[in-house]
Q: 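One structure, as structure tokens, below. Some questions next.
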Amino acid sequence: MAMMRLRREDPRVVGTFRLHRRLGAGGMGVVYLGSDRRGQRVALKVIRPDLAEDREFRSRFAREVSAARRIRGGCTARLVAADLEAERPWFATQYVPGPSLHDRVLTDGPMTAAEIAAVGAALAEGLVAVHEAGVVHRDIKPSNILLSPKGPRIIDFGIAWSTGASTLTRVGTAVGSPGFLAPEQVRGAAVSAATDVFSLGATLAWAALGDSAFGHGSSEVMLYRVVHEEPHLRGVPPALEPLIRACLAKHPEERPTTLQLSLRLKEIAVREARGTVPPGRAPRAAASAGRESSPGRAPARGEQRAPRSGERPADRGAPASRSAGNGRSRTGGGSGTPRPARPPRPSGSVPGPRASAPPSRGVDGRLLRQRLVVFVVVTFLVAVAIAVARG
């Protein structure tokens, strides 16, 4: 995460924390890198002065900080401390080292299917814990996902709301980021766990494309597209596209739950890492389909290819059977008449020129000549006997 020097107007101490650097600024306030007396580093957000004067905002903020304390899970930045009664309310969470998902994609380009599935599975699992605490994050987006050495972490629960709370926009308050907001947020309807599922789907699509699934434009244009138009997912890996599209369904009840999403993404991550064939498609069928799609490919060792129309096995230079002992027969091209398999050649023999007919064995040749001589002699004697009898 990029750090900037403190400005003149920035505080140097907040509560028991000493501030060192600026981490960023958002719609609610400024986030600082701080540390306590033991050296524990925190990300500390101080609320904007104008929001601090809004009593209703303070009341809502207090309820959300209370809910955030109940969140338990390894995929979130743990809430460390907060002061809701200060002149400018603040809260501090565990500091997570590592770049944001936004910066990672901008620097290295779109992520692979295996990487996206692994990150998404961890985030979905983290959201299960968030929702079990009765909290909806409401602002899942690439810049709120940190890729730490121990795995991705969800940060910035500054605008989180309790499940079922209204999301009507109030002057000067941030309610989310266009392109990642769910349709129900845009309409001002009640939020639910499905709201975060939509935002996570949009975030995973961004990681795959390096761009928003709803294009670019003003906030009004982006919000209109989220509510009325379908996302553009061309370029999303095929293994992830159906699942991400389901997350981006317009109606909350049509989206998968966070638990379903986590389990499905884990399956995809394992499969993509191993390079196996997707479910519902037999490996042999997939391999054969790949072979048939490459007409110029030479058959692999031990592979037998069925002859094409009008093609004889001899034309390919590959016999249809390896030996007479395997019980298979070779079929001539177009005749349909089976020929007997050729007996194996004795070891060490050298093939000679092909003859019109196979030669007979030596013993069979001698027997045939003897029978022929006997037949000729007997025929001659019979003819002589007949001639003598007539004379």
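Note that the structure is a prediction, hence the values are computed from the model and not measured.
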Q: So Q94 and R153, do their side chains get closer than 4.5 Å, heavy atoms only?
A: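 Not touching, per the 4.5 Å side-chain cut-off.
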Q: Should R245 and E241 count as an ion pair when the cut-off is N to O under 4.0 Å?
A: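 Answer for the salt bridge query: yes.
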Q: May I ask you to decide if A25's main-chain N or O and K45's side chain share a donor-acceptor pair within less than 3.5 Å?
A: no
Q: Over 60° means perpendicular and under 30° means parallel, so tell me whether W206 and H102 are parallel, tilted or perpendicular.
A: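 The rings of W206 and H102 lie parallel, inter-plane angle below 30°.
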Q: Using modelled atom types only, decide if a donor and an acceptor are shared between the side chain of S262 and the backbone of T258 within a distance under 3.5 Å.
A: no
Q: A quick test of your reading: do over 12 heavy atoms of other residues, nucleotides or ligands sit less than 6.0 Å from CD of E87?
A: no
Q: In a check of side-chain contact (heavy atoms from CB on, under 4.5 Å) between I154 and each of N144, D139, L123, which one passes?
A: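 Per the side-chain contact (heavy atoms from CB on, under 4.5 Å) rule, the option paired with I154 is L123, out of N144, D139, L123.
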Q: Is L261 close to C247 at the side-chain level, that is, under 4.5 Å between some pair of heavy atoms?
A: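 Contact flag for C247/L261 side chains = yes.
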Q: Dump the intermediate steps for side chain to side chain contact (heavy atoms under 4.5 Å, CB included) on D10 and L19, then the final yes or no.
A: CA-CA 9 Å; D10 290 330; L19 305 186; over 6 Å; no
Q: Using modelled atom types and a 3.5 Å cut-off, is there a donor and acceptor pairing between side-chain atoms of D196 and backbone atoms of R138?
A: yes
Q: Please evaluate residues D36 and V42 with respect to the criterion side chain to side chain contact (heavy atoms under 4.5 Å, CB included), reporting the C-alpha separation (whole Å), side-chain torsions for both, the decisive distance (0.1 Å), and the verdict.
A: CA-CA 8 Å; D36 60 13; V42 298; 5.8 Å; no
Q: Hey, is CZ on R18 packed in by over 12 heavy atoms from elsewhere, all under 6.0 Å?
A: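 Open.
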Q: Decide yes or no for R41 and H20: does some side-chain heavy atom of the first lie under 4.5 Å from some side-chain heavy atom of the second?
A: no
Q: With distance as the sole criterion, is a donor-acceptor pair present between the side chains of T195 and E184 under 3.5 Å?
A: yes
Q: When you measure from the side chain of E229 to the backbone N and O of F214, does any donor-acceptor pair fall under 3.5 Å?
A: no
Q: Is the shortest side-chain heavy-atom distance between H232 and L209 below 4.5 Å?
A: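 With C-beta onward as the side chain, the pair stays apart.
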Q: Can you confirm whether more than 12 heavy atoms, excluding those of R55, are under 6.0 Å from its CZ atom?
A: no
Q: Please report the shortest heavy-atom distance between D54 and E56, naming the atom on each side.
A: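 The answer is OD1-N, 3.0 Å.
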Q: Just how far is it from atom CZ of R22 to atom OH of Y32, taken to the nearest 0.5 Å?
A: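 Atom-to-atom, R22:CZ and Y32:OH are 5.0 Å apart.
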